[in-house]
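Report on the structure given below.
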Amino acid sequence: MYAVLVVSIIIVLAVLLLAVLTTSKAYTYKHTVDPLDENPNIKTDSNSIDQEKK
């Protein structure tokens with residue numbers, strides 16, 4: 001009876017440790033964003049300046 005309790009507590013602690021490590025690693029990952037391509041339908045500062053000059 002106690003053996004089952006000890007094994008189950010060890011499994012719960014192992015799963016908790018893996019969840020904490022995975023979450024910690026996910027928060028330290030550096031995400032990057034690709035730059036947007038030049039699209040005439042998207043209004044940006046450079047597009048609005050070009051349109052004002054016309």
Run the side-chain donor-acceptor check on residues 14-26: report pairs under 3.5 Å with partners two or more places apart or on a different chain.
unit_1, atom_1, unit_2, atom_2, d
Thr22, OG1, Leu18, O, 2.7
Thr23, OG1, Ala19, O, 2.8

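Applying the ring pair (Phe, Tyr, Trp, His ring centres under 6.0 Å) test to residues at least two apart or on different chains, the pairs with a partner in residues 5-38 are Tyr29-His31.
Other members of the hydrophobic cluster containing Ile10, listed by chain and number, are Val6; membership follows side-chain contacts under 4.5 Å among ILVMFWY residues, whether direct or relayed. Grouping Ile, Leu, Val, Met, Phe, Trp and Tyr residues whose side-chain heavy atoms lie under 4.5 Å apart, directly or via other members, places Leu13 in a hydrophobic cluster with Leu5, Ile9. Within the hydrophobic cluster formed by Ile, Leu, Val, Met, Phe, Trp and Tyr side chains joined at under 4.5 Å, directly or through other members, Val4 stands alone, with no partner residue.
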